[in-house]
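I have placed the structure first, in the form of structure tokens, so that the comments after it can refer back to it.
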Amino acid sequence: MIAIGSDHGGYELKEFLKTYLAGKGIEVLDVGCHSTESCDYPQYAAAVAEMIQEGKCEKGILCCGTGIGISIAANKHHGIRAALVSEPVSASLASEHNNANILCLGGRVTGNVLAAACVDAWLETKFAGGRHADRIAKMND
Ligand code: RB5
């Protein structure tokens with residue numbers, strides 16, 4: 001199951017990605033927001049981070065206007081490796097090298113089709129482990 005959340009700036013992209021993932025048979029847990037009314041991204045970053053920390057979801061997706069604020073907020077949470085991406089090569093490497101458990105996207109800067117390609121690349125790529133696992137262990141320390 002994938003947790004998904006956004007602020008108002010990422011709301012429309014979140015809704016698109018929910019439908020996209022459901023179409024692929026992937027279960028999605030939406031933590032909000034639920035409209036384009038102005039709200040604060042740290043709340044939704046925390047909600048998705050919590051789902052992962054509690055083991056309710058393996059991964060998460062977060063969207064805000066640029067993806068910047070919500071990625072900064074997500075990375076404040078223990079055990080979270082949130083990667084802000086805008087193209088599929090980085091999305092794939094976010095899995096392969098960084099074992100990113102949250103993918104962040106900017107609804108005002110990245111189109112729906114490109115965002116979906118990023119999500120696919122991130123989900124389809126496996127973590128390489130090895131030296132990359134050592135580097136992640138150093139961050140956890
Ligand atoms: C909201 O206006 C906007 O600042 C937010 O969605 C995000 O882009 C922040 O990084």
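All values reported here derive from a predicted model rather than from experimental measurement. Note that ligands are numbered from 1 as they come in the structure, with each ligand's atoms numbered from 1 the same way.
- Counting heavy-atom neighbours within 6.0 Å of Glu87 CD, excluding the residue itself, gives a total above 12.
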Can you pull every nitrogen or oxygen pair between ligand 1 and the protein closer than 3.5 angstrom?
residue	atom	partner	partner atom	Å
ligand 1	2 (O)	Arg108	NH1	3.2
ligand 1	6 (O)	Asp7	OD1	3.4
ligand 1	6 (O)	Asp7	OD2	2.6
ligand 1	6 (O)	Gly65	N	2.8
ligand 1	8 (O)	Gly65	N	3.3
ligand 1	8 (O)	Thr66	N	3.0
ligand 1	8 (O)	Thr66	OG1	3.3
ligand 1	10 (O)	Thr66	OG1	3.4
ligand 1	10 (O)	Gly69	N	2.9

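- Judged by distance alone, with hydrogens and angles left aside, the side-chain atoms of Asn101 form a donor-acceptor pair with the main-chain N or O of Arg81 at under 3.5 Å.
- Using a distance-only test at 3.5 Å, with no hydrogens or angles considered, a donor-acceptor pair links the side chain of Asp7 to the main chain of Gly10.
- Counted within 6.0 Å of CD on Glu96, heavy atoms from surrounding residues, nucleotides or ligands total more than 12; the atom is thus considered enclosed.
- Counting heavy atoms of neighbouring residues, nucleotides and ligands inside a 6.0 Å radius, atom CD of Glu54 exceeds 12 of them.
- Using a 4.5 Å cut-off on side-chain heavy atoms (C-beta onward), His97 and Phe127 make no contact.
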